[in-house]
**Q** 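Before I ask anything, here is the structure I am working with.
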Amino acid sequence: MHRKHSAFFRACIRYFWCFKYYGNKYIILCPAAKAWKIFLFLSAAVYGIIRHMQEDGLNEKNDNIKQTGSTPEEPRHTLETGLDRNGRIAILDSGLGGISVLRELLKVMPEERYLYYGDSLNAPYGEKPAEWIRGTCRGHIERFLESGAKCVVLACNTATSAAAEVLRKEYPFLPIIGMEPAVKPAAEHGGSQRVLVLATPLTIRGDRLHHLVEEHGGSAEFILREAPGIVRFVEAGVCDAAPNEALYVYLRELLADFCMPPGDRSTDGWQKLDGVVLGCTHFPFVKRSIEKTLGYPVDVYDGAHGTAMQTRRRLEALSLLRQTKTQTDGEPLVLLQNSDRSMIPRMQMLLDL
């Protein structure tokens with residue numbers, strides 16, 4: 001017990017109790033005149049114990065929240081935290097889609113180490129409020145920094161649209177690389193073409209995508225369409241490597257305006273596409289299924305390779321590229337984590353495709 005607490009209790013005992021020596025022992029006497037003081041003292045002591053237990057419980061609860069997915073209102077890390085050039089590149093996605101970005105990062109920077117976190121329990125982000133997405137991403141970034149990450153890749157178009165700008169202001173010392181729908185490369189293909197952009201509802205409604213179309217669209221016609229169902233199929237393990245009929249039913253309904261009727265080469269009643277932009281990192285895993293559903297060749301664009309190249313450029317500019325060119329420290333090249341641990345084998349399967 002703390003010294004000042006011990007002194008306090010000794011004083012209380014002297015005040016409330018009388019000791020008298022009889023023979024070989026002390027007898028504790030309780031004068032009736034002080035009974036009410038004893039009652040108040042015991043009541044206060046019980047109240048203090050209860051409050052102390054409540055505070056301990058609250059602190060333990062806060063610690064658990066911090067470990068499992070906090071959304072702090074303000075960032076805790078600052079420039080003084082420092083970044084280690086041999087730290088990991090952290091990749092965040094709402095689930096499994098960001099694996100498509102991780103695959104490109106591994107091609108561009110095979111010497112780096114990676115930490116991939118998929119938030120499958122909360123997928124899809126594309127149907128969540130923007131403020132919720134910002135708070136959730138902030139909590140993930142705090143944990144990445146605590147684990148020694150040197151860079152964060154938002155491998156999610158929705159998270160980039162909703163949170164990247166705010167997070168970069170809150171963490172100015174941290175390289176935060178986001179995703180963008182590949183509107184520019186699609187427009188640069190040339191000609192007066194028709195391009196379909198598939199994305200989540202929040203990305204379609206967000207200002208960023210519309211600004212990209214206005215800035216880079218040129219003479220091309222861009223058609224924006226929400227496709228949240230694809231995220232759920234990929235999260236369930238349905239992809240080009242393991243398609244099912246339900247996926248094709250969904251895609252035929254989604255792409256009905258652009259599908260070539262069987263045996264009909266005319267363009268009456270449908271719109272032939274020149275390109276498709278995959279505006280969600282989940283969508284490349286059903287790229288071949290989309291092409292098969294359309295029924296004719298089409299150029300398909302996604303932003304994974306561009307994001308990987310931008311990540312390398314940012315790290316190189318900040319002298320944060322990994323010093324050692326080979327994995328000699330015994331640590332794994334890639335750490336796969338997920339808010340739903342049962343999804344990790346599925347993540348490994350997509351990474352190995």
Side-chain angles (χ1 to χ4, degrees), residues 61-78 81 88-102 114-181 199-209 226 228 230-232 234-235 279-283 303 307 311 335-344 346-347:
K61 180 180 178 182
N62 287 338
D63 287 343
N64 289 336
I65 291 174
K66 175 179 155 186
Q67 293 170 8
T68 59
S70 63
T71 56
E73 294 183 359
E74 299 294 338
R76 296 189 296 270
H77 287 78
T78 63
T81 305
R88 290 185 180 273
I89 297 173
I91 302 139
L92 171 64
D93 183 50
S94 62
L96 309 185
I99 296 291
S100 62
V101 180
L102 174 58
Y114 300 91
L115 166 62
Y116 182 94
Y117 186 87
D119 192 9
S120 291
L121 283 179
N122 291 307
Y125 278 12
E127 299 174 13
K128 300 287 195 302
E131 186 58 37
W132 181 93
I133 294 171
R134 284 191 285 271
T136 299
C137 290
R138 185 182 299 117
H140 293 318
I141 286 177
E142 289 290 339
R143 288 193 300 280
F144 292 154
L145 289 171
E146 289 167 4
S147 68
K150 65 179 179 181
C151 168
V152 173
V153 178
L154 298 177
C156 174
N157 287 271
T158 298
T160 300
S161 177
E165 185 176 349
V166 172
L167 294 173
R168 285 170 183 146
K169 292 178 181 178
E170 293 179 347
Y171 301 92
F173 62 92
L174 177 68
I176 298 177
I177 292 87
M179 294 289 302
E180 284 188 348
T200 64
L202 195 146
T203 299
I204 293 291
R205 295 193 300 265
D207 293 336
R208 182 58 183 161
L209 175 57
E226 299 178 5
I230 296 178
V231 176
R232 295 188 177 89
V234 175
E235 289 291 311
C280 173
T281 54
H282 284 76
F283 296 0
T307 298
T311 302
L335 293 177
L336 296 177
Q337 299 179 356
N338 198 298
S339 55
D340 180 355
R341 291 184 59 85
S342 68
M343 302 295 281
I344 292 179
R346 197 167 291 167
M347 294 163 65

**Q** Tell me whether Asp340 contacts the main-chain N or O of Leu121 through its side chain, where contact means a donor paired with an acceptor under 3.5 Å.
**A**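 Not at all, since once roles are kept as given, no pair shorter than 3.5 Å links the two residues.
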**Q** Would you say the side chain of Pro124 lies within less than 4.5 Å of the side chain of His282, judging by non-hydrogen atoms?
**A**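 The answer is no, as the side chains (C-beta and beyond) never meet within the 4.5 Å cut-off.
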**Q** Quick one: does Thr200's side chain have a donor or acceptor within less than 3.5 Å of a partner on Thr158's backbone?
**A**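 Checked: no pair found.
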**Q** Starting from the C-alpha separation in whole Å, work towards a yes-or-no answer on side-chain contact (heavy atoms from CB on, under 4.5 Å) for Leu145 and Phe173.
**A** CA-CA 11 Å; Leu145 289 171; Phe173 62 92; 4.1 Å; yes
**Q** I'd like to know if the side chain of Tyr116 and the backbone of Gln337 have a donor-acceptor N/O pair within less than 3.5 Å.
**A** no
**Q** Measure up the His140 and Tyr117 rings against each other and bin them: parallel (under 30°), tilted (30 to 60°), perpendicular (over 60°).
**A**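 His140 and Tyr117: tilted rings.
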**Q** Heavy-atom distance under 4.5 Å between the side chains of Glu170 and Arg138, does that happen here?
**A** yes
**Q** List the residues meeting side chain to side chain donor-acceptor pair (under 3.5 Å) with Thr307, not counting sequence neighbours, and say none if there are none.
**A**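 Side chain to side chain donor-acceptor pair (under 3.5 Å) list for Thr307, sorted by chain: empty.
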**Q** Would a 4.5 Å heavy-atom cut-off, applied to side chains only, mark Pro201 and Pro228 as touching?
**A** yes
**Q** So, using side chain to side chain contact (heavy atoms under 4.5 Å, CB included) as the criterion, who are the partners of Arg346 when residues are at least two apart?
**A** Leu96, Met343, Met349
**Q** So which atom in Cys280 and which in Val231 form the shortest heavy-atom distance, rounded to 0.1 Å?
**A** SG-CG2, 3.9 Å
**Q** Residues two or more places apart in sequence or in another chain: which of them pass side chain to side chain contact (heavy atoms under 4.5 Å, CB included) with Arg208?
**A** Ser161, Glu180, Leu212
**Q** What is the minimum heavy-atom distance between Cys151 and Thr311, and which atoms define it?
**A**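 Taking Cys151 first and Thr311 second, the nearest heavy atoms are SG-CG2, 4.1 Å.
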**Q** For a side-chain contact (heavy atoms from CB on, under 4.5 Å) check, start with the C-alpha distance between Asn122 and Ser94, then their side-chain angles and the critical distance, and finish with the verdict.
**A** CA-CA 7 Å; Asn122 291 307; Ser94 62; over 6 Å; no
**Q** To the nearest 0.5 Å, how far apart are CD1 in Ile344 and CG in Leu336?
**A** 7.0 Å
**Q** Between Glu131 and Arg134, does at least one N-O distance fall below 4.0 Å, as a salt bridge requires?
**A**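 Between Arg134 and Glu131 there is a salt bridge, with a charged N closer than 4.0 Å to a carboxylate O.
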**Q** Mind listing the closest non-hydrogen atom pair of Ser147 and Leu115 along with its distance?
**A** OG-CD2, 3.9 Å
**Q** Under a 3.5 Å cutoff, is there a donor and acceptor pairing between the side chains of Ser120 and Ser339?
**A**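 Per modelled atom types, Ser120 and Ser339 side chains form no pair under 3.5 Å.
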**Q** Where is the tightest heavy-atom contact between Ala199 and Gly279, given as atom of each residue plus distance?
**A** CB-O, 3.8 Å
**Q** Which atom names give the shortest non-hydrogen contact between Ala162 and Leu202, and what distance separates them?
**A** CB-CD2, 4.0 Å
**Q** Could you check whether any side-chain heavy atom of Tyr125 comes within less than 4.5 Å of a side-chain heavy atom of Asp93, counting everything from C-beta outward?
**A** no
**Q** Going by the rule side chain to side chain donor-acceptor pair (under 3.5 Å), which residues pair with Glu226 if we only count those two or more places apart in sequence or in a different chain?
**A**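 Glu226 satisfies side chain to side chain donor-acceptor pair (under 3.5 Å) with no other residue.
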**Q** Got Val152 and Leu174 here, is their nearest side-chain heavy-atom distance under 4.5 Å?
**A**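 Of all side-chain heavy-atom pairs linking Leu174 with Val152, at least one is under 4.5 Å.
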**Q** About how many Å separate CG of Asp207 and CD of Glu165, when rounded to the nearest 0.5 Å?
**A** 10.0 Å
**Q** Is any side-chain heavy atom of Pro175 less than 4.5 Å from a side-chain heavy atom of Ile177?
**A**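 Touching, per the 4.5 Å side-chain cut-off.
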**Q** I'd like to know if the side chain of Thr136 reaches the main chain of Ile133, judged simply by a donor and an acceptor atom lying under 3.5 Å from each other, with no hydrogens or angles considered.
**A**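 Looks like no, no N/O pair under 3.5 Å.
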**Q** Tell me, please, which residues at least two apart from Thr160 pass side chain to side chain contact (heavy atoms under 4.5 Å, CB included).
**A** Leu154, Ala164, Met179
**Q** With a 4.5 Å limit on heavy-atom distance, are the side chains of Leu335 and Tyr114 in contact?
**A**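 Of all side-chain heavy-atom pairs linking Tyr114 with Leu335, none is under 4.5 Å.
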**Q** Would you give the length of the straight line joining atom CG of Leu209 to atom CD1 of Ile204, rounded to the nearest 0.5 angstrom?
**A** 5.5 Å
**Q** Show every salt bridge (charged side-chain N to carboxylate O under 4.0 Å, His left out) that has at least one partner inside residues 115-129, sequence neighbours left out.
**A**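 Listed by first then second residue: Glu127-Arg232.
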**Q** Go through it in stages, so that I can follow the logic: the residues are Leu167 and Cys137, the test is side-chain contact (heavy atoms from CB on, under 4.5 Å), and I'd like the CA-CA distance, side-chain angles, deciding distance and then a yes or no.
**A** CA-CA 8 Å; Leu167 294 173; Cys137 290; 3.7 Å; yes
**Q** So, taking the atom named CD in Glu235 and the one named CD1 in Ile230, what distance separates them when rounded to the nearest 0.5 Å?
**A**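 Taking CD in Glu235 and CD1 in Ile230, the distance rounds to 13.0 Å.
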